[in-house]
Amino acid sequence: MAINRHIQTLDEFTIQQMRDFPQATGELAGLLRDIGLAAKRVHVEVNKAGLVDILGDAGKMNVQGEEVKKLDIFANNEFMGVLRHGISCAGIGSEEMDEVVVFDDEISNQSKYVCLFDPLDGSSNIDVNVSIGTIFSIYRRVSALGKPATQTDFLQPGNQQVAAGYVIYGSSTMLVYATRRGVNGFTLDQAIGEFTMSHPNIICPSSGKFYSVNHGNFFQYNEKVQRYITNCQKKTLAEGGPYTQRYIGSMVADVHRNLIKGGIFMYPGMKDRPNGKLRLLYECNPFAFIVEIAGGKATDGVQRILDIQPTEVHQRTPFFIGSKLMMEELETTN
Ligand code: P6P
């Protein structure tokens with residue numbers, strides 16, 4: 001008998017995906033459900049951040065030399081906690097931790113996957129109530145099962161990702177994740193406390209009218225990037241313009257908007273920071289995977305983000321991502 005489901009929850013969807021692959025062990029489905037659980041807990045704290053003394057800097061500096069706010073620490077501990085106590089993850093890397101954490105217990109050592117997280121990206125926006133997000137990346141281990149995960153498991157190129165996703169804590173809380181089968185978005189229904197399918201099979205429009213870049217750094221960018229930005233400002237109606245410049249200062253929000261409506265997001269290298277600001281492993285790779293599966297493109301200005309061979313967990317990269325035709329126009333700008 002066909003079960004008539006108006007709206008699928010994230011858990012139901014991951015289980016249905018598993019049913020479509022009889023050989024699946026259910027570990028990936030379980031891992032995604034664990035991430036969904038931690039995201040719900042972070043959602044609760046983010047939504048009351050203005051009410052309790054959880055705001056304000058924790059006083060610590062993270063590995064990036066940035067002040068760490070208490071919500072960053074809470075989010076990091078939540079995601080690490082559910083994965084350490086789950087059965088699907090052998091260890092995690094995180095923006096908030098200097099080194100990767102290998103769980104090294106009997107169950108975790110048998111787990112097939114490792115995860116990388118930016119537990120709360122854009123946290124400098126917490127105090128002014130701007131949307132922030134969690135970004136995650138999932139790899140199949142290359143090290144032997146039954147033993148602890150190794151650094152090599154975390155330093156795989158982005159084209160080896162099994163799944164990647166993000167949570168955006170905005171006007172509503174959404175979890176979007178991609179596997180090679182597609183990109184799907186789930187909105188948190190607080191009435192039942194479940195992420196429910198709201199954006200099935202997300203496709204990134206081949207072009208758009210939004211370009212996202214920090215204009216304050218304009219004269220730090222190379223001439224090619226400056227020329228592309230200037231061209232964006234000059235787009236006529238006949239050329240698909242006029243374009244709108246939208247830069248929220250929270251990458252999850254900017255890239256999410258461009259994924260849904262079309263557009264391009266840029267965090268270029270600069271004269272004093274040739275590798276830019278964004279991190280390859282837990283910011284750029286996950287979004288590059290998601291946007292490519294949805295039909296868009298992502299590069300470092302020279303090569304495909306997903307083809308970069310990482311050498312360290314917190315390495316940075318210039319980042320250009322978005323609609324296919326807008327990315328190709330950037331690439332052909334001389
Ligand atoms: P800037 C937030 O700190 C972040 O990592 C991204 O979410 C955001 O896109 C970027 O930095 C903003 O950086 O230098 O333009 O303020």
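Every number for a ligand or one of its atoms is a count from 1 in the order of the listing. We number each residue from 1, following the sequence as shown.
Applying the salt bridge (charged side-chain N to carboxylate O under 4.0 Å, His left out) test to every pair with at least one member in residues 132-154, sequence neighbours left out, gives these pairs: R141-D153.
Other cluster members for F210: none, since no ILVMFWY side-chain heavy atom sits under 4.5 Å from it.
Listed by number with element, the atoms of ligand 1 under 4.0 angstrom from any heavy atom of G122 are 2 (C). Atoms of ligand 1 found under 4.0 Å from any heavy atom of M251 (numbered from 1 in listed order, with element): 6 (C), 7 (O), 8 (C), 9 (O). Atom numbering of ligand 1 starts at 1 in the shown order; those under 4.0 Å from a heavy atom of L278 are 5 (O).
Looking at L259 and Y166, their side chains come closer than 4.5 Å, going by heavy atoms from C-beta outward.
The shortest N or O to N or O distance between N214 and ligand 1 is under 3.5 Å. Inclusion of K277 in the set of residues having an N or O under 3.5 Å from an N or O of ligand 1 is warranted. Considering backbone and side-chain N/O of F265, none are found under 3.5 Å from N/O of ligand 1.
Residues R279 and E283 are paired through a salt bridge, judged by an N-O separation under 4.0 Å between the basic side chain and the carboxylate.
The closest donor-acceptor contact from the side chain of D254 to the backbone of I248 lies under 3.5 Å.
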